[in-house]
Structure formats: C-alpha cells, structure tokens
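Just follow the structure's listing: the first ligand is 1, and inside any ligand the first atom is 1. What you see below is based on every heavy atom in this structure, not just the backbone, and it leaves out hydrogens, waters and symmetry mates.
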Amino acid sequence: MSYKIGCIPGDGIGPEVVREARKVLDAVGKKYGHEFIYTEIDMGGCSIDKYGEPLTDEAIEKAKASDAVLMGSIGGNTSTSPWYKLPPEKRPEAGLLKIRKSLGLFANLRPSYLYEELKDACPLRAEVADAGFDMLIMRELTGGLYFGERYTKEIDGVMTAVDTLSYNENEIRRIAVKAFEIAGKRRKKVISIDKANVLDSSRLWRKVVNEVAGDYPDIELEHMLVDNAAMQLVKNPAPFDVVLTENMFGDILSDEAAEISGSIGMLSSASLNETKFGLYEPSGGSAPDIAGKNIANPIATILSAAMMLRFTFDLDKEADAIENAVREVLKAGIRTGDIMSDGCRKVSTSEMGDEIAGRV
Ligand code: IPM
Ligand code: MG
C-alpha cells in the first residue's frame, strides 16, 4: 500500500526530529512493504519568512490532500525572535491553531508512560517512580480559551484584555465520547478534569460528561478539580488512566505529565477529527536554544509516527514494531542528553534515529 503523508518540519528542532521519524517510517516501509510518500508543508516561522504568514491556504490544501500529517514543532524564542514583534495572528503559533481549527482536529491524545529504563530520569521520588504510570491525556483542542473572542482595548481609560472561555454541549460531548471509547481499550477509567467550583463552562462540562458516562456503564468515571489534578499528578500518578480535559487545562497538564515521564522529548501526540485523518506531533516545543545542534531527542516524534500508523492507517503491527524498537533502544542504554543517566551511552539526534530504525 502507499500512504500520503504531509510533513511539516517547522522551526527550531522540528526539521531534525521529523527527519529521524521519516527515517524510522522508511525502515518500516521497507520491512513491511509499504510506500510512504511525503509532501513538505510550510508552517510557523519558516512560513512567515517565506510568505509573510504562518500558514497559507495552499499549505492547508496540501494538508487536506494528505492521508495524515506529521509535524515537528513551530515557533522561536518569544523574547528575541522577530516573529514575536508581529501582530498575534501573524505569529508562528497562529499557524498551528489555524491548522487545528481548519481540519477540525478536536481530539488531542497525549500518552504519558514511564518506561522502566527511564525511572532515573523521572523527577519524582523513587517510591513514586517505582509505582510507574501509564496515562492518556485526552485534550479538547478546538474550543475554549484558545478560540474564544479576545481583544485588548481601553475601557473607561483603563487598558483591558479579554479572553473568552466558552464551550457548548456538543463540543464537550464529542470529546467525552472519544475519551470513553478509548478507555474501553485501556484500564476502563476516565478522570475528567475541570474547575466546576468556579467556572460555568466547567459545570456544563461535568454535566455533559456525566450524561455520556451513562452510555458506558463498564467505565469508571471520576471528576477532579484541575488544581488538585496538578498536585495528584506529581504526588501519585499511578491511578491516572484516561484524563479528559478542556483545551487550556490540557495544555498545562500535558507538559506536567510529559516531564514526569523523564523528558518532554518522550511525549508523542495525535490530533484527530471525526474521520481517520490526524495530525501527529511531539508534545514538546521547538527548543530554539538547541536547534541545529543534532542533540534533540527525536523519540516523541518517532512515537507520534507510530501513533499515525495505528490511528490513521490501521497498521498496528507496524506501530508495535516502532514502539518495541524504542523500548529496545532504551533497554540498550542508548540516550540523548535530556534522558542521559550514569552508565548509558549518549547519542545525537541522528544516531538515535539510526538506532531505532535499525531495530524496527
Ligand atoms: C501545545 C503547544 C501549543 C498549545 C502552542 C505552541 C500554541 O503548547 O501543542 O501544547 O498551546 O496548544
Ligand atoms: Mg503546550
């Protein structure tokens, strides 16, 4: 079979990590007899430099014409890069939000798993790390504060900035259904996170999630306030299975969940719509400070490619092959700098890609 993959290398470490993911995909193609055809798509700062905007209509069309999109990262140093002197809707991040919205990618899946081999890199106390954890954050991606009305203006002589947090019941229901469906294939537990003691949007969230739960009697549902969830994640992450939450809370909690897994360089992600289409990207950022040095960890992007094989192409065996190759590389003590520990062998971005591709 042949598969059309749109590739968005983006900015910072993006091109380096996407290159390694393609290397691993090509190894999979060779072994299992698939052809992956890549189309490069510009997005983020590199698109601003070329076209004056972070995502052109042509780029969206190219993404739509692909079976799936593999992305690196976008953006630069927000204090020093000239991109951040532009109006907000012209900055790199606006491209990412636009592609999420244009393609209807409302469900963002961010798995966080503590590999046995990375326990030393886990910043939590040894007894907490020893218990391990395996969670999937299901973040709503096209609603909430990210997409509500916003403005900054003088009101009664005082500069005022407004961001609007709004959710309707349909937006909540469709993401809740995704969470319960996937929980059925895991440990059958959903923890829904909100701030229902303060926010109206959270009270509606809780009500709709309870309604959806009624259709899934074999799945356990717990509600947790977001401040408590942030605390429980570092105190006792083991009980978390599927974590269902709105856009902003999911942005924050997924970085926290990534960090406790040893490094944000380990966390893959999939952004899905109602069809099989998906955009797959590491959860981490563009890390401009280490860009171009061949030292970034490509594992999150490589695992995102595995998610693409599993969710969009239904190639489970091939996805397993990538995930097992990653596990073997970690077992063999091969590490990029961010997850390095005593007695391990430190490798570059491209060497890590070679090691994983060689074990597929
Ligand atoms: C993420 C990122 C983005 C977000 C930024 C780059 C706009 O932090 O994917 O988590 O906030 O969604
Ligand atoms: Mg984020």
S.K.: Go through K23 and D26 one step at a time and tell me if the salt bridge (Lys or Arg N to Asp or Glu O under 4.0 Å) criterion holds.
M.R.: CA-CA 5 Å; K23 191 186 275 176; D26 290 338; over 6 Å; no
S.K.: Can you tell which of M248, E93, R110 gets a heavy atom nearest to atom 5 (C) of ligand 1?
M.R.: E93
S.K.: Linking Ile, Leu, Val, Met, Phe, Trp and Tyr through side-chain heavy atoms less than 4.5 Å apart, which residues share a cluster with M159?
M.R.: none
S.K.: Find out whether F311 and L109 are in side-chain contact, i.e. whether some heavy atom of one side chain is under 4.5 Å from a heavy atom of the other.
M.R.: yes
S.K.: May I ask you to check whether Y146 has an N/O atom sitting below 3.5 Å from an N/O atom of ligand 1?
M.R.: yes
S.K.: Under a heavy-atom criterion of less than 4.0 Å, does R139 contact ligand 1?
M.R.: yes
S.K.: Taking 4.0 angstrom as the limit, do K30 and E35 come out as a salt bridge?
M.R.: no
S.K.: Assess whether a salt bridge exists between D320 and R310, defined as any Lys/Arg side-chain N lying under 4.0 Å from an Asp/Glu carboxylate O.
M.R.: yes
S.K.: Could you give me the CA-CA distance, side-chain angles and deciding distance for E323 and R327, then say whether salt bridge (Lys or Arg N to Asp or Glu O under 4.0 Å) is met?
M.R.: CA-CA 6 Å; E323 288 165 6; R327 211 165 287 131; 5.1 Å; no
S.K.: Other than I41, what residues sit in its cluster of Ile, Leu, Val, Met, Phe, Trp and Tyr side chains whose heavy atoms are under 4.5 Å apart, directly or through others?
M.R.: I8, M43, L55, I60, V69, M71, I74, L96, I99, L103, L105, F277, L279
S.K.: Mind checking salt bridge (Lys or Arg N to Asp or Glu O under 4.0 Å) for D251 and listing every partner two or more places apart, or none if nothing turns up?
M.R.: R139
S.K.: Suppose we measure from atom 2 (C) of ligand 1 to each protein heavy atom; which comes out shortest, and what is that distance?
M.R.: D251 OD1, 4.0 Å
S.K.: Closer than 2.8 Å to the Mg ion (ligand 2): how many protein N, O or S atoms are there?
M.R.: 1
S.K.: Once you restrict to heavy atoms under 4.0 Å, what part of R100 touches ligand 1? Side chain, backbone, both or neither.
M.R.: side chain
S.K.: Establish, yes or no, whether the cationic atom of R91 lies under 6.0 Å from the six-membered ring centre of Y84 and within 45° of the ring axis.
M.R.: no
S.K.: If you measure every N or O of S283 against every N or O of ligand 1, does any of those distances drop under 3.5 Å?
M.R.: no
